[in-house]
Trainee: 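Once you've had a glance at the structure underneath, I'll fire off some questions.
Residue numbers begin at 1 in each chain, while the letters A, B, ... track the order of the sequences.
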2 protein chains.
Amino acid sequence: MNNREQQVGYVLKQAQSLLRLRMEEALNPLALTVSQYSCLHHLLREPGISAAGLARATFMTRQSMSSMLQQLLDRRLVERPARPESGRVLPTALTAAGVDLLSAAQAEVNGVEERMLSGLSPSERTSLTRGLSACVKALGG
Amino acid sequence: MNNREQQVGYVLKQAQSLLRLRMEEALNPLALTVSQYSCLHHLLREPGISAAGLARATFMTRQSMSSMLQQLLDRRLVERPARPESGRVLPTALTAAGVDLLSAAQAEVNGVEERMLSGLSPSERTSLTRGLSACVKALGG
DNA sequence: TTGTTCATGTAAGAATTCTGACATACCATT
DNA sequence: AATGGTATGTCAGAATTCTTACATGAACAA
């Protein structure tokens with residue numbers, strides 16, 4: 001049969017693509033893209049982070065993050081000071097509306113992730129996470 | 001500490017992003033993007049496939065695949081008949097130059113993948129593949 | 001102080017990919 | 001034969017993301 005389809009790189013891409021698709025479907029009713037969700041998600045964990053830092057955490061360029069943040073600012077899900085307090089960093093944080101929307105989004109995403117892992121035992125899940133972490137480490141993340 | 005960073009979905013995205021980045025770096029000297037490589041790769045396994053089928057195999061829309069194929073056609077890496085033999089399908093295949101370039105690209109990509117898995121034992125590698133396959137199956141791939 | 005290096009934010013433009021829409025051809029059912 | 005459903009290829013336009021480039025501010029060394 002086809003060999004490559006069983007190799008790690010391909011299955012990795014397949015899993016990630018499918019996860020993203022299902023997340024996109026789940027978040028669609030909330031008018032959120034996966035990228036936007038990732039951004040809000042990280043903002044909850046690290047309020048006051050810079051746009052550049054946020055970009056690194058979500059695997060985007062800071063330019064892309066900047067235009068995305070503008071949309072979230074327009075929707076009042078996120079807020080930034082008009083001027084930097086010090087340096088050039090504009091610390092970004094969620095608004096109350098942002099926290100609420102993220103909460104609903106999180107429930108959807110948790111459902112998708114649980115579905116993804118439904119065929120795996122607890123030990124298999126931690127094993128999967130460890131394996132992926134080893135890949136990240138080896139690739140120099 | 002930060003909880004989400006250790007969850008499966010995030011690590012999965014992190015691993016895939018990093019793998020793609022390293023592949024992009026490795027393929028850059030060959031003037032190939034990862035998407036183009038994926039396309040050529042699948043064409044070797046399944047010569048005569050339709051553009052729509054190719055799109056499904058590489059997780060793109062057929063519209064995106066169509067414009068990418070046009071580039072590969074211009075570079076004489078790929079060939080299609082001017083008219084469909086039957087139906088609307090235009091069977092696509094690699095040219096000799098396409099096979100050669102893919103061969104060089106494959107060596108680069110194999111190196112990256114080997115590096116990614118360098119921290120894992122053979123049994124851990126198959127375990128990782130199985131885990132990811134289970135995710136794909138559960139998400140309805 | 002001065003100069004260098006680095007990180008941040010932003011702008012402009014290109015490239016990639018997607019969405020919506022349409023015509024065409026095959027296939028199964030009636 | 002006629003019809004409805006499905007798949008393919010393509011066009012047009014929008015949205016997203018990236019590349020290149022520049023100005024500003026901080027940290028650090030000479």
Side-chain angles (χ1 to χ4, degrees), chain A residues 13 16-18 20-25 27-29 31-40 42-43 46 48-75 78-93, chain B residues 13 16-18 20-25 27-29 31-40 42-43 46 48-75 78-93:
Chain A
K13 179 176 180 178
Q16 160 65 20
S17 296
L18 215 42
R20 186 172 188 108
L21 176 63
R22 297 301 175 226
M23 287 175 66
E24 216 78 65
E25 293 169 353
L27 293 174
N28 187 47
L32 278 181
T33 65
V34 172
S35 296
Q36 289 170 335
Y37 160 78
S38 300
C39 177
L40 298 180
H42 202 87
L43 277 172
E46 205 166 333
I49 191 178
S50 70
L54 209 43
R56 282 189 295 269
T58 53
F59 315 104
M60 307 171 56
T61 62
R62 61 187 193 279
Q63 292 88 337
S64 301
M65 178 55 68
S66 181
S67 67
M68 218 185 64
L69 277 180
Q70 194 53 56
Q71 296 178 339
L72 297 176
L73 283 167
D74 293 345
R75 286 171 68 181
V78 148
E79 57 191 0
R80 316 174 78 178
R83 301 184 162 279
E85 301 169 3
S86 82
R88 304 208 67 194
V89 176
L90 292 173
T92 309
Chain B
K13 179 177 180 178
Q16 160 65 18
S17 296
L18 215 42
R20 186 170 189 110
L21 176 63
R22 297 302 175 224
M23 286 175 67
E24 215 77 66
E25 293 169 353
L27 293 174
N28 188 47
L32 279 181
T33 66
V34 172
S35 295
Q36 289 170 335
Y37 160 78
S38 299
C39 176
L40 297 180
H42 202 87
L43 278 173
E46 204 166 334
I49 190 178
S50 69
L54 210 43
R56 282 189 295 268
T58 55
F59 315 105
M60 307 172 55
T61 61
R62 61 187 193 279
Q63 293 90 334
S64 301
M65 178 55 68
S66 182
S67 68
M68 216 184 64
L69 277 180
Q70 194 53 56
Q71 296 179 339
L72 297 175
L73 283 167
D74 293 344
R75 288 171 66 181
V78 148
E79 57 190 2
R80 316 175 78 177
R83 299 185 162 280
E85 301 169 1
S86 81
R88 302 208 69 193
V89 176
L90 292 172
T92 309

Trainee: Taking only N and O in the side chain of A:S64, is any of them less than 4.0 Å away from OP1 or OP2 of D:dC18?
Mentor: yes

Trainee: From CD of A:E25 over to P of C:dT19, roughly how many Å is that when rounded to an integer?
Mentor: 11 Å

Trainee: NA contact type, A:R83, heavy-atom cut-off 4.0 Å: base, sugar-phosphate, or nothing?
Mentor: nothing

Trainee: Quick one: A:Q70 CD to D:dA15 P, roughly how many Å, whole number?
Mentor: 16 Å

Trainee: Give the intermediate values and the outcome of side chain to side chain donor-acceptor pair (under 3.5 Å) for residues A:S35 and A:R20.
Mentor: CA-CA 10 Å; A:S35 296; A:R20 186 172 188 108; 3.1 Å; yes

Trainee: Distances under 3.5 Å only, N/O to N/O: pair up the protein atoms with those of nucleotides 9-13 of chain C.
Mentor:
{"residue": "C:dG9", "atom": "OP1", "partner": "A:L90", "partner atom": "N", "Å": "3.0"}
{"residue": "C:dG9", "atom": "OP2", "partner": "A:A51", "partner atom": "N", "Å": "3.3"}
{"residue": "C:dG9", "atom": "OP2", "partner": "A:A52", "partner atom": "N", "Å": "2.8"}
{"residue": "C:dG9", "atom": "N7", "partner": "A:R62", "partner atom": "NE", "Å": "3.0"}
{"residue": "C:dG9", "atom": "O6", "partner": "A:R62", "partner atom": "NH2", "Å": "2.7"}
{"residue": "C:dT10", "atom": "O4", "partner": "A:Q63", "partner atom": "NE2", "Å": "3.3"}

Trainee: Test your reading of the model: is there a side-chain donor-acceptor pair from B:E24 to the backbone of B:V34, 3.5 Å cut-off?
Mentor: yes

Trainee: Remember a base hit wins even if backbone is also touched, and classify A:Q71 as base, sugar-phosphate or nothing at under 4.0 Å, heavy atoms.
Mentor: sugar-phosphate

Trainee: What is the separation between atom CG on B:L21 and atom C1' on D:dT17, rounded to the nearest whole Å?
Mentor: 15 Å

Trainee: Could you pull out the closest heavy-atom pair between A:A93 and A:G48, with the gap in Å?
Mentor: CB-N, 4.3 Å

Trainee: Indicate yes or no: at least one non-hydrogen side-chain atom of A:L43 is less than 4.5 angstrom from one of A:L72.
Mentor: no

Trainee: Rounded to the nearest angstrom, tell me the gap between atom CG in B:L54 and atom P in D:dA7.
Mentor: 17 Å

Trainee: Rounded to the nearest Å, what distance is computed from the CE atom of residue A:M68 to the C1' atom of nucleotide D:dC18?
Mentor: 15 Å

Trainee: Nearest heavy atom decides the nucleotide; on that basis, is A:S86 or A:T61 closer to the 5' end of DNA chain D?
Mentor: A:T61

Trainee: Just how far, in rounded Å, is C1' of C:dT16 from CG of B:L69?
Mentor: 14 Å

Trainee: When you match B:M60 and A:R56 each to their closest nucleotide on DNA chain C, which lands nearer the 5' end?
Mentor: A:R56

Trainee: List the atom pairs, with distances to 0.1 Å, where a side-chain N or O of residues 80-90 of chain A and a protein N or O form a donor-acceptor pair under 3.5 Å, not counting sequence neighbours.
Mentor:
{"residue": "A:R80", "atom": "NE", "partner": "A:T92", "partner atom": "OG1", "Å": "3.2"}

Trainee: Residues two or more places apart in sequence or in another chain: which of them pass side-chain hydrogen bond (donor to acceptor under 3.5 Å, both in side chains) with B:S67?
Mentor: none

Trainee: Does any part of the side chain of A:C39, heavy atoms only, come nearer than 4.5 Å to the side chain of A:M60, both counted from C-beta?
Mentor: no

Trainee: Give the rounded distance in Å between these two atoms: CE of B:M65 and C1' of C:dT16.
Mentor: 13 Å

Trainee: Using a cut-off of less than 4.0 Å, is there contact between a side-chain N or O of B:S35 and OP1 or OP2 of C:dT16?
Mentor: no

